[in-house]
Amino acid sequence: MPGLADLLAGPVLEVAPRLLGAVVRHRTRDGDVAVRLTEVEAYDGDQDPGSHAYRGRTPRNAVMFGPAGHAYVYFTYGMHHCMNIVCGQDDRASAALLRAGEVVEGLDLARVRRNGIRDRDLARGPARLCSALAITLSDNGAHLERGPLTLELTSPLGSEQIRTGPRVGLRHAADRPWRFWQTGDPTVSTYRPAKALPR
DNA sequence: CGACCGATTTGCT
DNA sequence: GCAAATCGGTCGT
């Protein structure tokens, strides 16, 4: 049967919505926390001005140029981590940013890590998600099949369960509707557009 | 080597 | 609604 990397090796615009509902689990000394993904964004490598890989390979983004099925983690704003799942073909340098999710395991541990924030907000936002899962730069490049950081795909959501819209916080290519989220889910980040798309 | 920027969150107004 | 916090990556001098 096909491995995770094979499933993630398709075009990122097809893989990203496929990730909605999938579960990311991180095992640490303190225990396990798992998050069900409710919001992701697609970044399409060398053809995408919004992608870290747009200006070519650097030590930071090298993982994006490798095979699908690995985590690309970067540090930003001097204090936050964000996690992507590398997908697409090798050297395509495409990835899906994990923007939000629902904590489905290790709720108590996630509450401690997030220091009293409401359960709904534990992983609502890309840096919050990394905080709840205790993702750091040491997880950059990690295989998502072998652990301690894993991705478990679930059956795809129906098209009526998926909404799309512009990506968040980009200076360029802000017009491309490459953000995907689960319809009406309360854990989707607050930057969702004011008006929902027609049912 | 120095300057500037960023796929953000939080807290205060 | 807005600005501070804070630092690695990238690029220009």
Side-chain angles (χ1 to χ4, degrees), chain A residues 8 11-13 15-17 19-20 22 24 33 35 37-66 68 70-88 92-103 110-142 144 149 151 163-182 186-194:
Chain A
L8 297 177
V12 65
L13 290 179
V15 176
L19 291 174
L20 295 175
V24 177
V33 170
V35 166
L37 299 177
T38 58
E39 182 184 2
V40 302
E41 282 178 1
Y43 288 86
D44 198 10
D46 51 352
Q47 297 188 348
D48 180 2
S51 171
H52 283 180
Y54 181 58
R55 295 174 200 285
R57 179 180 182 140
T58 68
R60 177 177 67 153
N61 65 26
V63 173
M64 293 183 76
F65 290 81
H70 292 249
Y72 166 50
V73 180
Y74 65 90
F75 185 71
T76 189
Y77 289 95
M79 61 189 87
H80 298 304
H81 295 278
C82 293
M83 173 178 166
N84 301 252
I85 292 175
V86 177
C87 44
R92 176 70 180 191
S94 60
L97 170 70
L98 309 186
R99 280 201 57 88
E102 173 193 3
V103 176
R111 284 169 177 154
V112 171
R113 287 172 176 166
R114 302 290 301 125
N115 193 29
I117 203 171
R118 300 204 319 270
D119 285 354
R120 171 169 307 185
D121 296 331
L122 287 174
R124 191 172 74 158
R128 291 167 168 184
L129 183 147
C130 284
S131 178
L133 287 171
I135 301 294
T136 67
L137 284 179
S138 66
D139 298 300
N140 187 40
L144 295 176
L149 182 60
L151 173 69
R163 289 292 179 274
T164 67
R167 294 177 292 184
V168 173
L170 295 190
R171 309 173 77 88
H172 299 295
D175 56 320
R176 306 182 192 190
W178 289 356
R179 175 166 164 255
F180 304 86
W181 67 93
Q182 184 170 348
T187 65
V188 172
S189 71
T190 54
Y191 297 100
R192 78 187 95 180

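Throughout, a chain's letter reflects where its sequence line sits, starting with A, and its residues are numbered from 1.
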Self-check item: NE2-CZ distance between A:H80 and A:F75, expressed to the nearest 0.5 angstrom
Solution: 8.5 Å
Practice problem: Report yes if the side chains of A:V63 and A:N84 come closer than 4.5 Å at any heavy-atom pair, otherwise no. | Solution: no
Practice problem: Tell me whether the OP1 or OP2 atom of B:dT10 has a side-chain N or O from A:R128 closer than 4.0 Å. | Solution: yes
Practice problem: Keeping the roles fixed (side chain from A:R114, backbone from A:A110), state whether a donor-acceptor pair exists under 3.5 Å. | Solution: no
Quiz item: Can you tell me how far P of B:dA7 sits from CD1 of A:I135, to the nearest Å?
Solution: 20 Å
Practice problem: Let me know the distance between CE of A:M64 and P of B:dA7, rounded to the nearest Å. | Solution: 11 Å
Quiz item: Atom CD1 of A:I117 and atom C1' of B:dG11: how far apart are they, to the nearest Å?
Solution: 12 Å
Exercise. Give a yes or no on whether the backbone of A:C87 and the side-chain of A:S94 come within a donor-acceptor separation of less than 3.5 Å.
Key: yes
Practice problem: List the atom of A:R111, the atom of A:L122, and the distance in Å for their closest heavy-atom pair. | Solution: CA-CD2, 4.1 Å
Exercise. Taking atom P in both C:dG1 and B:dA7, compute the distance separating them and give it to the nearest angstrom.
Key: 23 Å
Exercise. To the nearest Å, give me how far apart CZ (A:R118) and P (B:dT9) are.
Key: 14 Å
Quiz prompt | Separation between CG of A:L19 and OG1 of A:T38, rounded to the nearest 0.5 Å | solution = 12.0 Å
Quiz item: Are any of A:R114's side-chain N or O atoms less than 4.0 Å away from OP1 or OP2 of B:dT10?
Solution: yes
Exercise. Give a yes or no on whether the backbone of A:V73 and the side-chain of A:N140 come within a donor-acceptor separation of less than 3.5 Å.
Key: yes
Exercise. For A:G169, answer base if it contacts any base atom (sugar-phosphate contacts may also be present), sugar-phosphate if it contacts only those atoms, and nothing otherwise; contact means non-hydrogen atoms under 4.0 Å.
Key: sugar-phosphate
Quiz prompt | Exceeds 12 heavy-atom contacts within 6.0 angstrom, atom OH of A:Y54 | solution = no
Protein N or O to nucleotides 1-4 of chain B N or O, pairs below 3.5 Å:
none

Quiz item: Pairing of DNA chain C as dot-bracket, 5' to 3': ( ) intra-strand, [ ] crossing, | other strand, . unpaired, with Watson-Crick or G-U pairs under 3.5 Å?
Solution: |||||.||||||.
Quiz item: Within the distance-only criterion (no hydrogens, no angle test), does the side chain of A:E41 pair as donor or acceptor with the backbone N or O of A:V168 below 3.5 angstrom?
Solution: yes
Quiz item: Could you run down nucleotides 1-10 of chain C 5' to 3' and tag each one B, S or - for protein heavy-atom contact under 4.0 Å?
Solution: ----BBB-SS
Quiz prompt | Flag, side chain of A:D139 to backbone of A:T136, donor-acceptor distance under 3.5 Å | solution = yes
Quiz item: Checking A:R124 side chain against A:T187 main chain: does a donor-acceptor pair fall under 3.5 Å?
Solution: no
